[in-house]
Amino acid sequence: MAFADLLEHVGGMGRFQVASVVLLALPVLMMASHNLLQNFTAATSDHRCRLRWEANATGLDPQDLLRVSVPRGEQCRRFVTPQWWLLEANGSATNTTWPETEPCRDGWTYDRSVFTSTIVSEWDLVCSSRGLKQLAQSLYMAGVLVGGIVFGGLSDRFGRRSLLTWCYLQMGAMGTCSSFAPTFTIYCLFRFLTGMAFSGIVLNTLEWMPTRTRALVGTFMGYCYTLGQFLLAGVSYAVPAWRWLQLTVSLPFFCFFLYSWWLTESARWLVMVGKSQRALKELRKVARINGKKEEGDKLDIDALRSYMQKEMTSSRSHHTVVDLVRTPVVRRISCCLCFVWFSTSFAYYGLAMDLQNFDFNIYVIQLVFGAVDIPAKLVSILTITFVGRRFTQSFALILAGLAILANILVPRDLRTLRTALAVFGKGCLAASFNCVFLYTGELYPTVIRQTGMGLANTMARLGSITAPLVKMAGEVFPALPFIIYGVAPVVSGLVAIFLPETRDTALPETVEEVEGRWDWRGWRRRGGTDGTRPQKDEAQHLQVPLQPPQPGNTMADRSGGPQNPPKPPHLQQ
């Protein structure tokens with residue numbers, strides 16, 4: 001018997017589980033707002049040098065004053081002295097010696113018709129300082145990575161609910177502090193701490209869900225994240241000032257913090273740390289809410305330990321990240337999967353965090369980029385189920401990379417075509433996320449599955465950190481970032497071809513089983529160890545992938561043992 005059987009005994013997917021899913025899904029709606037927030041709070045408006053004479057009564061028309069003070073189309077330099085000759089009838093003619101210019105010593109003037117204020121206009125993150133905008137997003141993603149490591153360990157020590165409650169509070173507090181940050185440095189610090197809280201929230205979602213409903217719940221959570229992208233577009237349109245927008249998406253987490261005290265601590269964790277009496281109390285509470293009070297009253301410590309025997313036995317075996325590279329087949333699987341996770345996240349954030357590049361209404365683009373996830377995930381589920389994991393993974397990545405590379409060749413005036421290619425590429429990357437999460441869980445054996453998922457998600461976080469920094473390469477060659485964003489998924493798609501197919505095969509339990517199941521030379525199946533079809537409940541869990549994000553597990557998130565399900569990837573994106 002296992003913990004899954006115990007959940008069925010106290011009501012399965014009853015009223016308690018439904019209420020928990022709803023309460024956990026509400027914060028997910030706001031998670032996309034923080035992940036993609038800088039599309040709006042760090043939007044770059046048209047700008048030019050502020051004129052030293054602008055406040056003076058020169059008697060000139062503003063357009064004439066601008067003409068003699070700033071070169072036409074120049075955003076980062078101005079004339080050292082007014083060029084009055086440009087006001088003459090032939091003033092636009094080519095001059096033999098072009099006037100001397102200087103940097104914008106008095107600051108910049110911004111077009112505030114779309115965004116009344118952003119961190120770019122407030123702290124002048126333009127011209128020589130424009131790289132700081134990308135740095136801010138990378139620091140947020142670095143916080144997500146660090147948070148997974150820190151809160152993964154703390155959740156093992158202090159419990160799932162305690163850490164979830166704390167992270168709701170930290171998310172709300174640090175997000176609110178970001179909206180009042182007096183300097184860019186302080187803003188980056190608060191955003192880093194916000195990213196840490198993001199990871200802590202996604203560590204705890206499915207522990208009270210029965211096995212047969214985990215796929216459905218994971219899918220529901222994934223689509224909540226997608227709806228959150230729609231919500232972000234609407235809220236950012238209604239609140240164009242960045243400080244108010246930051247505050248608007250942060251305050252709801254204080255409400256989540258207040259009702260999180262109702263949530264129940266994981267009974268699995270309580271048993272693992274020796275708090276069986278409290279675990280029994282929580283299980284009886286769940287049974288009572290689910291209308292199974294009599295079944296709950298029949299539970300005692302001996303029955304609880306009997307149900308949890310498998311988990312307790314598994315928790316005694318110690319495995320580290322070294323086990324992912326100790327043997328040849330697992331080592332090669334790990335290398336391929338790390339590259340796939342990194343490239344998927346890298347290209348995804350390269351597209352999702354550069355909406356202004358498409359010269360289209362940024363609010364409409366945000367809606368379309370969110371909407372494409374819905375059909376993309378549905379198609380990936382069908383191909384995963386009926387064609388195979390390897391084909392879906394490889395095909396999605398190659399198509400995404402080719403779409404990004406094709407966009408480089410499309411002229412900027414063909415905005416609709418450029419946008420369509422970008423949306424298609426983003427949808428393929430969403431499908432890739434959908435597949436790689438399931439694929440990773442099926443390739444690693446039970447004894448190191450959580451460790452493998454942690455390594456994979458760490459690589460995804462590194463990809464999301466690197467993506468904004470690569471945009472800086474555009475200063476040298478404008479198309480270079482998109483060449484990199486396109487080549488990475490194509491190459492990783494080719495690498496994915498060399499992964500073994502896991503469709504209709506049972507989950508491996510040990511490293512030895514993986515080594516004996518596949519031969520690296522073409523991944524030929526050995527013996528008969530992998531010919532067994534999954535059990536009914538297991539098959540239901542495997543056929544529909546749980547729903548980045550993304551993008552939040554890290555290598556520290558291994559606490560639940562083999563029975564602890566991997567966390568859904570909807571927040572890894």
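The chain is numbered in sequence order, starting from 1.
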Self-check item: Pair Y187 + W242: ring centers closer than 6.0 Å
Solution: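 Yes, they do, as the ring centres are separated by less than 6.0 Å.
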Quiz item: For the rings on F253 and F256, is their centre-to-centre separation under 6.0 Å?
Solution: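 Centroid separation for F253 and F256: below 6.0 Å.
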Heavy-atom side-chain contact between [X] and [Y] under 4.5 Å:
X    : Y    : result
S464 : Q137 : no
Y439 : R390 : yes
S138 : P468 : yes

With a cut-off of 6.0 Å (strictly less than), are more than 12 heavy atoms of other residues, nucleotides or ligands near [atom1] of [X]?
X    : atom1 : answer
F254 : CZ    : yes
W262 : CH2   : yes
K281 : NZ    : no

Self-check item: side-chain contact (heavy atoms from CB on, under 4.5 Å) evaluation trace for R191 with L37
Solution: CA-CA 11 Å; R191 284 287 287 167; L37 187 62; 4.0 Å; yes
Rounded to the nearest 0.5 Å, what's the gap from [atom1] on [X] to [atom2] on [Y]? Could you check?
X    : Y    : atom1 : atom2 : value
R389 : L499 : CZ    : CG    : 13.0 Å
T41  : Q38  : OG1   : CD    : 5.0 Å
N434 : I384 : CG    : CD1   : 5.5 Å
L232 : F369 : CG    : CZ    : 13.0 Å
L351 : I365 : CG    : CD1   : 11.0 Å
N39  : M353 : CG    : CE    : 4.5 Å

Self-check item: Trace of the ring-ring contact (aromatic ring centres under 6.0 Å, His included) decision for Y140 with F192
Solution: CA-CA 4 Å; Y140 169 80; F192 177 86; 9.4 Å; no
Can you name the closest pair of heavy atoms from [X] and [Y] and give their distance?
X    : Y    : result
Y348 : Q229 : OH-NE2, 4.2 Å
C167 : I201 : CB-CG1, 3.8 Å
S178 : T194 : OG-OG1, 4.2 Å

Quiz item: Y223 ring centre to K377 NZ or CZ under 6.0 Å, with the angle to the axis within 45°?
Solution: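 K377 over Y223 ring: yes.
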Hey, is the main chain of [Y] close enough, under 3.5 Å, to the side chain of [X] for a donor-acceptor pair?
X    : Y    : value
R161 : T264 : no
R331 : V325 : yes
E515 : V329 : yes

Quiz item: Judged by modelled atom types alone, do S380 and T392 share a side-chain donor-acceptor pair under 3.5 Å?
Solution: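 S380 vs T392: no donor-acceptor pair found between side chains.
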Practice problem: Walk me through it: do Y363 and F40 pass the test side-chain contact (heavy atoms from CB on, under 4.5 Å)? | Solution: CA-CA 9 Å; Y363 303 107; F40 303 96; 3.7 Å; yes
Taking only distance into account, with no hydrogens and no angle test, what donor-acceptor pairs under 3.5 Å do side-chain atoms of residues 12-30 form with protein atoms, sequence neighbours excluded?
residue: R15; atom: NE; partner: I289; partner atom: O; Å: 3.0
residue: R15; atom: NH2; partner: I289; partner atom: O; Å: 2.9
residue: Q17; atom: OE1; partner: G14; partner atom: N; Å: 3.2
residue: Q17; atom: OE1; partner: N290; partner atom: ND2; Å: 3.1
residue: Q17; atom: NE2; partner: G12; partner atom: O; Å: 3.3
residue: Q17; atom: NE2; partner: W208; partner atom: O; Å: 3.3
residue: S20; atom: OG; partner: F16; partner atom: O; Å: 2.9

Quiz item: Residues two or more places apart in sequence or in another chain: which of them pass side chain to side chain donor-acceptor pair (under 3.5 Å) with T440?
Solution: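 T440: side chain to side chain donor-acceptor pair (under 3.5 Å) contacts with W341.
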Exercise. Check the pair M141, N35 against side-chain contact (heavy atoms from CB on, under 4.5 Å), reporting the backbone distance first and the verdict last.
Key: CA-CA 8 Å; M141 290 300 178; N35 250 11; 4.1 Å; yes
Practice problem: Assign the ring pair W261 / F257 to parallel, tilted or perpendicular, where the plane angle (0 to 90°) is split at 30° and 60°. | Solution: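 The arrangement is perpendicular - the two ring planes meet at more than 60°.
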